[in-house]
Structures are given as structure tokens and as C-alpha cells.
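Reading through the C-alpha cells given below for one structure.
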Amino acid sequence: MQTKRYQIKCLDCGGTSIIEIWGQDIVHWINTDQVISARKRLDNQWGFQCFCGNNDIMTTQEKRTIDNPANPLPQEVQQIIENIKADAPKFRMEPQ
Amino acid sequence: MAYQSWSVSFGEQPSAAKWNIIGTNMAGFNDGTAIGTNAIAAASLATTAITLGYTQITGTVTLTTPTVDTLVTGLTQAVTIPAGSRKIKVSAYCSDFHSSNVNSSSNLTIWDGTVGSGTQLQSWAHISGTVDSDGLGAYLVAIVTPSAGAKTYNVGAKASAGNAVITAASTTPAFILVEAI
């Protein structure tokens, strides 16, 4: 399985954490100094959450379309992937 | 520690640091630091959270020549003092208290334990007039910090001469009230 290591930097506070991504979408946390959560979003980009409150775990489109973020309806997911709308990134992924 | 908002979305992969926020929140609920200001509504308080006991009488009690402190029949309240060292407020009320004799003094008292041999916590005094023995309304309060456990508070009365009259009726009950404040 392909493994890549990244430093995730919060563009709000400058805090960082190190992760490895195994394969396409499995996150292995090397440290969690500041960035504490990750998610492969429906726009196929990575979203993150920082201790400082900066958060792009879900895109604006996902938040607007999905009623229950923990358990979206299939039709909600379909609606999003048929017409992806990107947000400006709030974190930077730097290969290590 | 103050409460931190927490949720997860489908497909999210939280780190241990994010999971531990849940534990921090739970510790905050245990010690109260995660409970928001003005968060506890009245309906959520147990009925015994503040009022530990209340007893009233609706018929006048007349104690016959009580020259020493004597229990006012019916004005006794057993309670359980909660842990936590909160102050306890013991209140007693009577709409008209007096000696049946003119020119006589009378006292209404609050006691921790048996009237006369326990611990007096508060006293209210009245001196009847030279022409008649009309009384006054009496409201007395004692603030104490007892240890947790069982307690009985009592109202006592005495008079230098004559009977001690503790007036009460259905529309003017005399009472003893014990509260944790």
C-alpha cells in the first residue's frame, strides 16, 4: 500500500500536525500538535480541523445539502457529486 | 474545563486528541466547569435541592406557663444535610406570638436538636404591653453550616409569666422551613 507523509498547516493559526496517508484515504496520525481531525470530502479533497477552531472538514456545499452530517442520505450525496462546488482551502498539505 | 463543542461527519477520521475532547467535556460535567452559566433550569433541580424540609401548623398552640424553653408542638423538622458544606437556613414564622400576661416577656427560638438541651440557633423576643397582651408577628432565621447527615430542627418558646401563645390558622400557618442555600 502506498504511504505518503504530510505536514498539515493551519492557515489561521499556523499550527501543524504530521499525518501519513495510507493508500487513497486512510489517515495515520503521527502527531496531533494542533490539527486534530481529517476527512476525505466528497470533492475528493482533504478537509481538516484545528484546535484553534479553523475547520474545513465539510465543504460549504456539503453543509448546505446534508441534513445529518453523521449519516447523509444517498440522494444528498448524489446531489453533491453531480455538481461539485469547491471552497478555498483553509489548510496546506506539505509533503514530507 | 469549559465545554468544547464536539461532532463528527461521515468519513471523518478523528485523531486521539479530538476523541479526548469528549473525556475533557465529561470531566467538566463531573466538576461543574463544563456547565454553562444559567444552564440549570428550575425544573431540572430536585425538589430537595434547596428545600430540605417544611412543616406548618394551622391551629394555635398554647404552652402552659413555659418558664423554660419548650417545644412548640408541631414545629419540628427532621432533615438530611447534604454533603458539600452549603449553608443551611432555618426559618420560623408565626403571625402572632405573645405571653398571655401583660408586662411579660416571651421568646421564640430555633434549636438544633432538642429544645432546651440542644443548641439554640436563634431567638426572637417580645414584651407584652402594660394594658393588653397583644403579640407581634415573628419571623426568625438562623444560618448554619452543619456536617452532612441527619438533623432535627425545632421551634421553642418560653414566657416569663403566663402562657406562650403561638397563633396559627389555615390562612396564617406558623411554620419551620429548612433550606440549603
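Here the shortest heavy-atom pairing between A:Arg39 and B:Phe10 reads NE-O, 2.6 Å. Scanning all heavy atoms of the two residues, the minimum distance from A:Thr32 to B:Ser15 falls at CG2-CB, 3.1 Å. Closest of all the heavy-atom pairs between B:Pro14 and A:Ser37 is CA-OG, 3.4 Å.
Hydrophobic clustering of Ile, Leu, Val, Met, Phe, Trp and Tyr side chains at less than 4.5 Å, counting indirect connections, keeps B:Val61 apart from B:Trp111. Residue B:Val68 is not grouped with residue B:Ile110 when hydrophobic side chains (ILVMFWY) are merged at heavy-atom distances under 4.5 angstrom, including chains of intermediate members. Note on B:Leu140 and B:Ile143: separate hydrophobic clusters, where clusters join Ile, Leu, Val, Met, Phe, Trp and Tyr whose side-chain heavy atoms are under 4.5 Å apart, directly or indirectly. Hydrophobic clustering (ILVMFWY, side-chain heavy atoms < 4.5 Å, transitive): B:Ile176 and B:Leu121 are in one cluster. By the criterion of side-chain heavy atoms lying less than 4.5 angstrom apart, applied directly or through intervening Ile, Leu, Val, Met, Phe, Trp or Tyr residues, A:Trp29 is grouped together with A:Met93 in one hydrophobic cluster.
Not counting sequence neighbours, the partners of B:Tyr54 by the ring-ring contact (aromatic ring centres under 6.0 Å, His included) test are B:Phe175.
Heavy-atom pairs under 4.5 Å with chain A were tallied for B:Ser7, B:Ala17, B:Ala16; the largest tally goes to B:Ala17. Each of A:Gln49, A:Lys40, A:Glu62 has some count of heavy-atom pairs under 4.5 Å with chain B, and the biggest count is that of A:Gln49.
Shown here is B:Lys18, whose NZ atom has more than 12 heavy atoms of other residues, nucleotides or ligands within 6.0 Å. Heavy-atom neighbours of A:Lys63 NZ from other residues, nucleotides or ligands within 6.0 Å: above the threshold of 12.
Identified by a heavy-atom distance below 4.5 Å to chain B, the contributing residues of residues 64-74 of chain A are A:Ile66, A:Pro69, A:Ala70, A:Pro72, in residue-number order. Contacts from residues 10-27 of chain A to chain B, taken as heavy-atom pairs separated by less than 4.5 Å, involve A:Asp25, A:Ile26, A:Val27 in sequence order.
We find the OG-CG distance between B:Ser5 and A:Asn55 to be 9.5 Å, quoted to the nearest 0.5 Å.
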For residues 112-119 of chain B, dump all side-chain donor-acceptor pairs below 3.5 Å to protein atoms at least two apart in sequence or in another chain.
unit_1, atom_1, unit_2, atom_2, d
B:Asp112, OD1, B:Lys151, NZ, 3.3
B:Asp112, OD2, B:Lys151, NZ, 2.8

